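Reading through the structure tokens given below for one structure.
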Amino acid sequence: MSKTINIPLGSQHIALLEPVHFTFECENEHIIAASADVGYVHRGVELACASKFRFKQVGFVVSRVCGLCAIIHATCYTLAVEKLMGIETTKRAQWLRLLANELDRIHSHLLCLAHTAENAGFEALFMQTMKDRELVMEAQEALCGNRVQFDFVTIGGVARDVDSRMIAILREKLTKLEQKIENIKSMFLTNQSLSLKYKGIGKLDFNKAEEFCAIGPIGRASGIKHDVRAVSDYLPYSDVGYRLITETDGDIHARNMVRLRELDNSLLMIRNVLDGLPEGDIAVKVSGMPEGEAYMRVEAPRGECFYYVKGVKSQTLDRVKIKTPTFACIPAMIDVFVGSDYADAPAILASFDPCMSCTAK
Amino acid sequence: MRMRPLFWRHLTLACHVRRSKMISAILNTLTNLFSKPATRNYPFEKEPKDDNYRGLIVFDEPKCIWCLQCEKVCPPGAILFTQNIENGAYTYNYNPYLCIYCAECVRACPDKASALSQCDGLIPPAGKNQNVNDYWFKIEEEAIASKEEYKKMKALKKSQGGDDAKTETA
Amino acid sequence: MVSKTVVPKEAIVGIVKGFYEPHKHHLVSIHGVDIGGSIEVQWVFCEYEDENIKAFASEFAYDDTIPSFRDILPSSWIHEAELKDMFGVDVEGAKFGLFLEEDGVKAPLRRNGV
């Protein structure tokens, strides 16, 4: 029996952006066992939604579960309640919701790529990616009025309308962004020091990924053909040119490539939305109270986000269950750690794109 | 001086085509060395805000019809009305530090009144010597208590007024 | 297409094991709903390549032991730990303490308190 030591990757660490604590049992710097503590930012959102707030206000509460995928939570909850109450929104509202969701996906993927580059030691690429991400944040500020918490989706439609000035700003910023993303992509593809850090490291092969039910870019990089946007029509994705993107290797390089190719697809979809935005109202009137149960799934930047909403014909809901993508990928992440080197742990962690405020709601 | 970074950029692109990565990396470094920084020179340069930025809520008192819908829909409870015990008139209280600037109150205000609107102003952060919390906690208690007292007083007056009418007719 | 099936609690293990195929389905969520006096636990599955959500539900009393599916679904340990924390019920093999502290509030999602 050789000796093993326990090394913590604590909640305070130079490579960590998220409050999570890992304990690695290492033998000569090879990790042979891992355990995680993920509940640092538990705020009791599910209990608050079912007791303290009315169902029309829960959309705002639920946005504040996460800062990166705020609008995804609001969209999923709103679609679940609209399903319960039998409300049909206008076409213009659906296309505007799609526009906001895809802008959110771009800014979230750019943040993850920047963080992955930072953990590999390439701080210059991290700063350049963050500088390019500012274009998206300004576009979101023009559309929704705020950079992070949008409060854009309401029950029955959306809150604000776009006019020609906003569309011109969006087009200008996205044209600039396309060129910048090409530069970033060529860096990730051809830079030799990054490929030493990424290729072959942190592999999650296809069978393990299916066993652990990995979802999102992590599952797609291992070859699982799973995307909620491909099979469900919660928003008109088939009208704007959506494509399912998979890779086969399952290592960190494959996950980065999935995210980069999804960025290109999102830019194409936004351009199609701006070209073909239908006319009409942005919201319908809502009356009545929700009664019954509803299940709703939506594709967040990190995977599949699931909501279960139960109403009992009163202003307060009975139960709101939130299942976030990082919560479902934590078992797969711990499995990938086992068998890797301790020195690769920060890069693997960043490539999994964890969002701890989503996990510990 | 402005032509110089463009020249370096073209040379970098040419080197990319020739796959000379080392030289293109060096040229990239030199380009970045001689170009403007990407950050703004705060506090001398202010952050530009969009025209449609979601800012403070503005209350236009003459137009208000006192339906209290905005108080009901506000998610964090940043608008509260306290009621005067003598004449039942309402007073509008708004807490800009609790507000999330979602504009639900603006949408809830009925069309015939339109007393609320959103501007793009902001408030500076509250310093330590501004008792924001204590002042607002008092208003929260007063909002509930004053409405209940007024309701009780009205009910009392109604029952007293009914008794008087009965004694008169009798 | 969404479908929910309520099964008696003795039969849930057999039914889920007979239904789940690793290449076709993935586990979406395991959660509980307090229906007044007992807890309804739901196991939600969905297909990879089609939109068919299938939910199995069983009613358990507060002091029952809920079976675990860790042998066929290795990633279910995190869902079961959350279920144990939030409702204060006993789940096979789950440890307390994923979200809540030892000296904090117990079983917050139960309707009438512990």
Side-chain angles (χ1 to χ4, degrees), chain A residues 35-44 46-48 50-51 83 206-215 219 224-228 230-234 244 293-297 304-308 310 312 318-324 326-335 359-361, chain C residues 1-4 20-36 39-42 44-55 57 69-83 85-87 95-101 104-105 107-111:
Chain A
S35 72
D37 182 3
V38 299
Y40 278 87
V41 274
H42 177 68
R43 291 153 287 164
E46 291 182 1
L47 181 58
S51 62
K83 200 163 146 185
F206 181 71
N207 293 323
K208 267 284 169 72
E210 272 192 341
E211 207 181 300
F212 280 93
C213 302
I215 48 173
I224 298 182
K225 290 193 175 37
H226 171 64
D227 194 326
V228 185
V231 299
S232 161
D233 59 348
Y234 65 93
L244 176 65
E293 296 180 324
Y295 300 89
M296 178 55 62
R297 307 191 304 151
E304 163 205 66
C305 181
F306 166 79
Y307 265 68
Y308 165 77
K310 182 172 175 195
V312 286
D318 190 49
R319 174 83 167 107
V320 175
K321 160 72 186 172
I322 309 172
K323 195 277 301 189
T324 48
T326 310
F327 188 73
C329 283
I330 297 259
M333 183 158 70
I334 292 185
D335 187 69
T359 309
K361 9 166 223 319
Chain C
M1 208 201 48
V2 180
S3 72
K4 177 180 167 189
Y20 173 68
E21 289 165 54
H23 294 294
K24 196 168 164 208
H25 301 115
H26 72 282
L27 172 71
V28 177
S29 162
I30 303 177
H31 57 267
V33 186
D34 191 319
I35 47 179
I39 296 179
E40 183 185 82
V41 181
Q42 296 186 4
V44 185
F45 294 92
C46 190
E47 290 181 24
Y48 279 122
E49 306 198 5
D50 207 345
E51 234 255 295
N52 286 324
I53 301 181
K54 180 96 187 114
F69 287 95
R70 215 162 303 190
D71 43 356
I72 52 164
L73 291 163
S75 67
S76 62
W77 62 263
I78 200 173
H79 295 99
E80 289 163 1
E82 189 197 8
L83 190 63
D85 268 6
M86 292 289 126
F87 286 95
K95 281 191 308 223
F96 177 80
L98 185 69
F99 292 146
L100 301 177
E101 303 291 320
V105 64
L109 284 180
R110 260 203 224 177
R111 204 150 286 282

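By convention in this document, chain letters (A, B, ...) are assigned in the order of the sequence lines, proteins followed by strands, and residues within each chain are numbered from 1. Just so it is clear, the structure is predicted and the values come from calculations on it, not from any experiment.
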**Prompt:** Is any side-chain heavy atom of A/Tyr308 less than 4.5 Å from a side-chain heavy atom of C/Ser29?
**Reply:** no

**Request:** First locate atom CD of A/Glu304, then atom NE2 of C/His26, and finally report the distance between them rounded to the nearest 0.5 Å.
**Result:** 3.5 Å

**Message:** side chain to side chain contact (heavy atoms under 4.5 Å, CB included) for C/Val2 and A/Lys83? Distances and angles first, verdict last.
**Reply:** CA-CA 12 Å; C/Val2 180; A/Lys83 200 163 146 185; 4.0 Å; yes

**Item:** Choice from C/Leu98, C/Val105, C/Leu100 maximising heavy atom contacts with chain A below 4.5 Å
**Value:** C/Leu98

**Request:** State the CG-CZ distance between A/Asp318 and C/Arg111, to the nearest 0.5 angstrom.
**Result:** 4.5 Å

**Side-chain donor or acceptor of A/Arg319 paired with backbone N/O of C/Ile35 under 3.5 Å** = no

**Asked** If you measure from the Lys or Arg side-chain nitrogens to the Asp or Glu carboxylate oxygens, is any gap between C/Asp34 and A/Lys310 under 4.0 Å?
**Response** no

**Asked** How many angstroms lie between OG in C/Ser75 and CD1 in A/Ile334, if you round to the nearest 0.5 Å?
**Response** 11.5 Å

**Engaged part of C/Glu101 at the chain A interface, taking heavy atoms whose separation is under 4.5 Å** = neither

**Euclidean distance, C/Lys4 NZ relative to A/Tyr295 OH, rounded to 0.5 Å** = 5.0 Å

**Fill in**
Heaviest contributor of heavy-atom pairs below 4.5 Å to chain C, chosen from A/His226, A/His42, A/Glu210, A/Arg297, is A/Glu210

**Message:** As an exercise, state the distance from CG of A/Leu47 to CZ of C/Arg110, rounded to the nearest 0.5 Å.
**Reply:** 14.0 Å

**Gap between atom OG1 of A/Thr359 and atom CZ of C/Phe99 - 0.5 Å precision** = 7.5 Å

**Item:** Which atom of C/Leu109 lies closest to which atom of A/Glu46, heavy atoms considered
**Value:** CD1-OE1, 3.8 Å

**Message:** Please classify the contact between C/Phe45 and chain A as side chain, backbone, both or neither, with a heavy-atom cut-off of under 4.5 Å.
**Reply:** neither

**Message:** One pair to check against side chain to side chain contact (heavy atoms under 4.5 Å, CB included): A/Tyr234 and C/Glu51. What are the steps and the verdict?
**Reply:** CA-CA 11 Å; A/Tyr234 65 93; C/Glu51 234 255 295; over 6 Å; no

**Message:** Using heavy-atom distances under 4.5 Å, tell me whether A/Ala360 contacts chain C through its side chain, its backbone, both, or neither.
**Reply:** both

**Prompt:** For A/Ile224, is it the side chain, the backbone, both or neither that has a heavy atom under 4.5 Å from a heavy atom of chain C?
**Reply:** side chain

**Request:** Please flag which part of A/Lys321 lies under 4.5 Å from any non-hydrogen atom of chain C: side chain, backbone, both or neither.
**Result:** side chain

**Asked** Quick one: what part of A/Phe306 sits under 4.5 Å from any heavy atom of chain C, side chain, backbone, both or neither?
**Response** side chain

